[in-house]
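Presented below is the structure to which this report refers.
In this chain, numbering begins with 1 at the start of the sequence shown.
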Amino acid sequence: MKEIGKRIREVRKKKGLSQEELAESAKVNLRTIQRIENNESEPRGKTLNLICEVLEINAEDILD
């Protein structure tokens with residue numbers, strides 16, 4: 001579970017996106033992105049899909 005936030009952060013940084021840019025592009029609340037990356041919460045289906053779409057990765061890759 002803790003790997004999800006870490007992987008999202010790594011991919012986001014590789015793409016050169018800030019948390020704010022990711023949140024805006026994915027139409028997700030900034031606080032949600034912060035919580036996910038800090039492993040305070042785990043993204044649910046729709047949120048995870050929106051984030052993965054912006055980062056151009058498969059949700060399955062993050063969950064494995």
Side-chain angles (χ1 to χ4, degrees):
M1 175 168 39
K2 293 190 176 196
E3 290 295 308
I4 294 173
K6 184 179 169 188
R7 287 185 180 166
I8 289 174
R9 180 184 296 125
E10 286 170 0
V11 175
R12 175 181 61 77
K13 287 185 175 183
K14 279 183 191 170
K15 299 258 180 202
L17 294 170
S18 67
Q19 287 181 330
E20 291 86 355
E21 290 168 328
L22 175 57
E24 193 175 310
S25 297
K27 295 174 179 57
V28 174
N29 189 299
L30 172 61
R31 188 70 190 118
T32 301
I33 300 293
Q34 292 168 336
R35 284 189 182 122
I36 291 168
E37 288 192 1
N38 291 326
N39 297 309
E40 294 169 18
S41 70
E42 197 171 319
R44 298 274 182 251
K46 185 180 178 190
T47 303
L48 180 60
N49 287 335
L50 289 168
I51 291 169
C52 289
E53 206 173 288
V54 172
L55 296 177
E56 300 173 326
I57 52 175
N58 289 325
E60 292 80 28
D61 294 341
I62 283 194
L63 296 173
D64 285 342

Working to the nearest 0.5 angstrom, can you tell me the gap between T32 OG1 and E37 CD?
11.5 Å

Of all heavy-atom pairs between A59 and C52, which one has the smallest distance, and what is that distance?
CA-SG, 3.6 Å

Nearest 0.5 Å, what's the CG-CD distance between N58 and E60?
5.5 Å

In short, P43 meets I36 closest at the heavy-atom pair CB-CD1, 3.6 Å

Nearest 0.5 Å, please: how far is NZ in K46 from NZ in K27?
10.5 Å

CD (E40) with more than 12 external heavy atoms under 6.0 Å:
yes

Minimum-distance pair of heavy atoms, taken over all atoms of R12 and L17
NH1-O, 2.9 Å

Is R9 close to N38 at the side-chain level, that is, under 4.5 Å between some pair of heavy atoms?
yes

So which heavy atom on R7 is nearest to which on D61, and how close?
NH1-O, 3.0 Å

Does atom CD of E53 have more than 12 heavy-atom neighbours, drawn from other residues, nucleotides or ligands, at distances under 6.0 Å?
no

Rounded to the nearest 0.5 angstrom, the CD-CD distance for E42 and E3 is 11.5 Å

Give a yes or no answer on whether the side chain of N29 reaches the backbone of R31 with a donor-acceptor pair at less than 3.5 Å.
yes

Nearest-0.5 Å distance, CD1 of residue I57 to NZ of residue K15
8.0 Å

Rounded to the nearest 0.5 Å, how far apart are CD1 of I51 and CD1 of I8?
4.5 Å

